[in-house]
J.: 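A single structure is presented below for examination.
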Amino acid sequence: FPSHDKSKNLNTVFKFLAIWILMAHFCITAMSIAFHRAHTHQAVRLSRGLDYLMQVFLWVTTSMSKLDWVSVHVYHHAHSDTPTDPHSPSQKGLARVFFLGVWDYSRAKSDPEVIKIRNRIPTSAFERYIARHLFQGPMAMGLLLMILLGPAYGTLMTSMIFLISPIFAVGGVNALAHAIGYQNYDSKDESRNLGFLLPLNWIICGELDHNNHHKFPKSPTFAHRWFEFDIGWVYIRLSYIVTGK
C-alpha cells in the first residue's frame, strides 16, 4: 500500500471514495433524522430500536451525543445569525465556520445557556453513557476497521469517516446554507436554500434547503417547492410504510 500497479491503486482510491461518500450519507442521514428532526424539533417519531441504532452509529462515526448536539442546535435556532450564534458565517466569516466550525461547536457545549438547555433534555441511561464516553465509539470503530482492512487502510478510513461531520454537517450546512442560495421565506436570519446543488444535497439528506427549515423547524420535510428534494423525508415515509407507524 500503495502498490506499483497504477490501475489497481486508482481502483482502490475510487472504492475508498465511494465507501466514504456512502458513509457520509448514512452519517448525515442519521444525524438529520434522529438528532435533528426527531430529538431537536420533535418533527418525527422513531421507534426506540431505530433511534438507538442511529445514535450508536453517530457515536462511533462522529463521537457526538444526543445531549450535546441537540442542546447546541436549539441554541443555534434561538440565536441564529446573531453575535451569540455558535456557527454563523455572517458573524464569524464563511471560512471560519467551514473550516473551524467544529471548534466553535465544541466551545458552545460548555456555554452556560447551552448547558441549561442540555439539562432539560430527556435522556436514558444509555444516552447518558454515550455523552460521558464520547471517544469510546470512534476508538471501537477504528479498531474494527483496522482488523477488517489492515492497519494502514483501517487508519485511513477511520480518519476519513471522522472528517464527515466537520465537512458536511458543520461546513456544508451551517456555513454554506447561511451564506449562499435563495430564500423562500423571511426567517429573520440568513438561512438559505441550496437544494439545487445535487448530489450534495442528497449526501446531506436534504439539509441544504435550510431556509425552509428555519422558517418551519417542526416540519418533517425540508422540501417546500416542486424542484426541492428531501431524501430524508423519503426515508421517513418508507419507514412508516414498513413499520405501519
J.: How many angstroms lie between atom CG of Leu198 and atom CH2 of Trp202, to the nearest 0.5 angstrom?
T.: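 Here the interatomic distance stands at 11.0 Å.
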J.: Shortest non-hydrogen contact from Ile130 to Ser65?
T.: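 Ile130 and Ser65 have their closest heavy atoms at CG2-CB, 4.0 Å.
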J.: So, the side chain of Ser219 versus the backbone of Phe216: is there a donor-acceptor pair under 3.5 Å, distance only?
T.: no
J.: State, with a plain yes or no, whether a side-chain heavy atom of Leu194 is found less than 4.5 Å away from one of Asp209.
T.: no
J.: Less than 4.5 Å apart, side chain to side chain, heavy atoms only: is that true for Tyr153 and Leu145?
T.: no
J.: How long is the span from the CG atom in Leu134 to the OG1 atom in Thr62, to the nearest 0.5 Å?
T.: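 Output value for this atom pair is 8.5 Å.
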J.: Restricting to non-hydrogen atoms, name the atom on Asp81 and the atom on Gln91 that form the minimum distance, rounded to 0.1 Å.
T.: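 Distance-wise, the nearest heavy atoms are O-NE2, 3.1 Å.
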J.: Would you compute the distance between atom CZ of Phe26 and atom CZ of Phe57 and round it to the nearest 0.5 angstrom?
T.: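 Reported to 0.5 Å precision, the distance equals 7.0 Å.
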J.: Would you mind reporting whether Tyr182 and Arg192 have side-chain heavy atoms less than 4.5 Å apart?
T.: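 Heavy-atom side-chain distance check fails, nothing below 4.5 Å.
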J.: Report yes if some heavy atom in the side chain of Asn193 is under 4.5 Å from a heavy atom in the side chain of Leu208; otherwise report no.
T.: no
J.: Check the hydrophobic clustering (I, L, V, M, F, W, Y; side-chain heavy atoms under 4.5 Å; chains of links allowed) and say if Leu163 and Ile161 are grouped together.
T.: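 Yes, Leu163 connects to Ile161 through the hydrophobic network.
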J.: Does the Lys NZ or Arg CZ of Arg118 fall within the cation-pi geometry relative to Tyr75 - under 6.0 Å from the ring centre and within 45° of the axis?
T.: no
J.: Are any of the side-chain heavy atoms of Ile164 and Ile28 separated by less than 4.5 Å?
T.: yes
J.: For the CG atom of Leu46 and the CE atom of Met54, what is their distance to the nearest 0.5 Å?
T.: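 Here the interatomic distance stands at 6.0 Å.
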J.: If we count only N and O atoms by modelled type, under 3.5 Å, do the side chains of Ser90 and Glu190 hold a donor and an acceptor together?
T.: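 Judged by distance alone, the side chains do not pair up.
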J.: Can a side-chain donor-acceptor contact be found between Thr84 and His79 if the only test is distance below 3.5 angstrom?
T.: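 The answer is yes; a qualifying pair exists.
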J.: Given 3.5 Å as the limit, does a donor-acceptor pair link the side chain of Ser71 with the main chain of Asp68, or not?
T.: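 Yes, the answer is positive, given that a donor and an acceptor are paired below the 3.5 Å cut-off.
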J.: Please confirm whether the backbone N or O of Arg225 pairs with a side-chain atom of Glu228, one donor and one acceptor, at under 3.5 Å?
T.: yes
J.: Hey, are His178 and His87 close enough side-chain-wise for a donor-acceptor pair under 3.5 Å?
T.: no
J.: Between OG1 of Thr40 and CZ of Arg37, what distance do you get to the nearest 0.5 Å?
T.: 11.5 Å
J.: Any idea which heavy atoms bring Pro220 and Ile236 closest together, and the distance?
T.: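 For Pro220 versus Ile236, the nearest heavy atoms are O-CD1, 4.2 Å.
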J.: Establish whether Leu156 and Ile19 are linked, either directly or via other cluster members, by ILVMFWY side-chain heavy-atom contacts under 4.5 Å.
T.: yes
J.: Given the side-chain rings of Tyr185 and His214, with only the six-membered ring counted for Trp, is the space between their centroids under 6.0 Å?
T.: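 No, they do not, as the ring centres are separated by 6.0 Å or more.
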J.: Could you check whether Asp104 pairs with Arg96 (Lys NZ or Arg NE/NH1/NH2 to Asp/Glu carboxylate O, under 4.0 Å)?
T.: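 Salt bridge between Asp104 and Arg96, a charged N being under 4.0 Å from a carboxylate O: yes.
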J.: Taking all atoms of both residues into account, what is the closest heavy-atom pair of Cys205 and Gly232, and its distance?
T.: SG-CA, 3.3 Å
J.: Within the supplied structure, the quantity of interest is the number of heavy atoms (other residues, nucleotides, ligands) at a distance under 6.0 Å from Arg48 CZ; does it exceed 12?
T.: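 It does not: Arg48 CZ has 12 such atoms or fewer within range.
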J.: Linking I/L/V/M/F/W/Y whenever their side-chain heavy atoms sit closer than 4.5 Å, directly or via other members, would Leu238 and Ile231 fall into one cluster?
T.: yes
J.: Aromatic contact between Tyr235 and His25, with the criterion being ring centroids under 6.0 Å apart: yes or no?
T.: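 Between Tyr235 and His25, the centre distance is under 6.0 Å.
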J.: Going by heavy atoms in the side chains, are Met31 and Ser165 under 4.5 Å from each other?
T.: yes
J.: Can the ring centroids of Trp20 and Phe168 be said to lie less than 6.0 angstrom from one another?
T.: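 Centroid distance Trp20-Phe168: below 6.0 Å, so yes.
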J.: Examine the side chains of His73 and His39 and answer whether a donor and an acceptor come within less than 3.5 Å of each other.
T.: no
J.: Just wondering, do Phe162 and Pro138 contact through their side chains at under 4.5 Å, heavy atoms?
T.: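 Side chain of Pro138 against side chain of Phe162, heavy atoms only: contact under 4.5 Å found.
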J.: Test Asp186 against Lys188 for salt bridge (charged side-chain N to carboxylate O under 4.0 Å, His left out), laying out the working first.
T.: CA-CA 6 Å; Asp186 179 9; Lys188 308 302 181 184; 3.2 Å; yes
J.: Does the gap between the ring centers of Tyr52 and Phe126 come in under 6.0 Å?
T.: yes
J.: Return the CG to OG distance between Leu58 and Ser63, rounded to the nearest 0.5 Å.
T.: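 Nearest 0.5 Å value for the CG-OG distance: 10.5 Å.
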J.: When hydrophobic residues are tied together by side-chain contacts of less than 4.5 Å, even through go-betweens, does Ile180 share a cluster with Phe98?
T.: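 Looking at the clustering, Phe98 is in the same group as Ile180.
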J.: Any chance you could lay out the side chain to side chain contact (heavy atoms under 4.5 Å, CB included) test for Met157 and Leu149, step after step, and finish with the verdict?
T.: CA-CA 9 Å; Met157 182 58 74; Leu149 303 177; 4.2 Å; yes
J.: Could you see if Phe16 belongs to whatever hydrophobic cluster contains Val13? Use Ile, Leu, Val, Met, Phe, Trp, Tyr and a side-chain cutoff under 4.5 Å.
T.: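 In one cluster with Phe16: Val13, no.
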J.: Do His133 and Trp59 have ring centroids that are under 6.0 Å from one another?
T.: no
J.: Quick one: does Thr155's side chain have a donor or acceptor within less than 3.5 Å of a partner on Ala152's backbone?
T.: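 No; zero donor-acceptor contacts below 3.5 Å.
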J.: Is a side-chain N or O of Asp189 found less than 3.5 angstrom from the main chain of Ser80, in a donor-acceptor match?
T.: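 No; judged by distance alone, with no hydrogens or angles, the pair does not exist.
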J.: Could you check if a side-chain atom of His41 sits within less than 4.5 angstrom of a side-chain atom of His36, using non-hydrogen atoms only?
T.: yes
J.: Using modelled atom types and a 3.5 Å cut-off, is there a donor and acceptor pairing between side-chain atoms of Lys92 and backbone atoms of Pro86?
T.: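 Yes, the answer is positive, given that a donor and an acceptor are paired below the 3.5 Å cut-off.
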J.: Return the orientation label for the Trp69 and Phe35 ring planes: parallel under 30°, perpendicular over 60°, tilted otherwise.
T.: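 Aromatic pair Trp69/Phe35 classed tilted.
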J.: Looking at every non-hydrogen atom in both residues, tell me the closest pair between Val170 and Gly101 and how far apart they are.
T.: CG1-CA, 3.3 Å
J.: Regarding Asn184 and Asn212, do their side chains bring together a donor and an acceptor under 3.5 Å, going by distance alone?
T.: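 On atom types as modelled, these side chains qualify, holding a pair under 3.5 Å.
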J.: Report, as yes or no, whether the 6.0 Å neighbourhood of atom CZ on Phe227 holds more than 12 heavy atoms from other residues, nucleotides or ligands.
T.: yes
J.: Do any N or O atoms from the side chain of Gln55 and from the backbone of Glu127 form a donor-acceptor pair under 3.5 angstrom?
T.: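 It does not hold such a pair.
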J.: Looking only at non-hydrogen atoms, find the nearest pair between Gly142 and Thr158 and report the distance.
T.: CA-OG1, 3.3 Å
J.: Taking atom NZ of Lys116 as the centre, report whether more than 12 heavy atoms of other residues, nucleotides or ligands fall under 6.0 Å from it.
T.: no
